[in-house]
Asker: 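I'd like to ask some things about the structure below.
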Amino acid sequence: FFTMVRGAGMNVILADTTLLLQSLTQSHMLGRILGLDIALANVAESLAALTAGRLENDGYSMHYISRISGTVGLVLFIMWSTYHIFGGGAANNRNIKYFTNNNSNS
């Protein structure tokens with residue numbers, strides 16, 4: 001059940017990031033950017049599975065591995081939220097105007 005919920009959540013996140021990338025990427029770079037996005041997502045998922053498996057083989061409990069994963073996710077969430085609050089990232093109005101103007105010219 002929880003694998004199904006995780007998969008559904010990942011599909012929503014993937015659809016949202018793909019739409020954002022499609023709207024912000026110039027048309028001649030679109031396939032390269034989306035390919036890179038998918039490749040990096042697969043590498044990150046593989047590394048997470050590899051790390052969790054090695055930790056389990058080394059004798060760590062699933063509870064401990066989950067706590068590490070949750071802590072890493074929370075730290076990344078705080079870092080990205082801070083970056084976004086201070087005007088960084090593609091969701092900034094200045095960046096949206098820049099990308100929109102450049103996409104309409106190409």
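Side-chain atoms are counted along with the backbone in the values below, which use heavy atoms only and exclude waters and symmetry mates. All figures in this text were calculated on a predicted structure; none of them were measured in a lab.
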Asker: Going from CG on L74 to CZ on R67, what distance comes out if it is rounded to the nearest 0.5 angstrom?
Answerer: 13.5 Å
Asker: What's the separation between atom CG in L50 and atom CD in E45, rounded to the nearest 0.5 Å?
Answerer: 12.5 Å
Asker: Just how far is it from atom OG of S69 to atom OH of Y64, taken to the nearest 0.5 Å?
Answerer: 10.5 Å
Asker: Could you tell me how the ring of W80 sits relative to the ring of Y83: parallel (under 30°), tilted (30 to 60°) or perpendicular (over 60°)?
Answerer: tilted
Asker: Just how far is it from atom CD1 of I65 to atom CZ of R54, taken to the nearest 0.5 Å?
Answerer: 12.5 Å
Asker: Could you state the interatomic distance from CD1 (I33) to NE2 (H28), rounded to the nearest 0.5 Å?
Answerer: 9.0 Å
Asker: Transitively linked via ILVMFWY side-chain contacts under 4.5 Å: M29 with L36?
Answerer: no
Asker: In Å and rounded to the nearest 0.5 Å, what is the CG to CE distance from L55 to M62?
Answerer: 10.5 Å
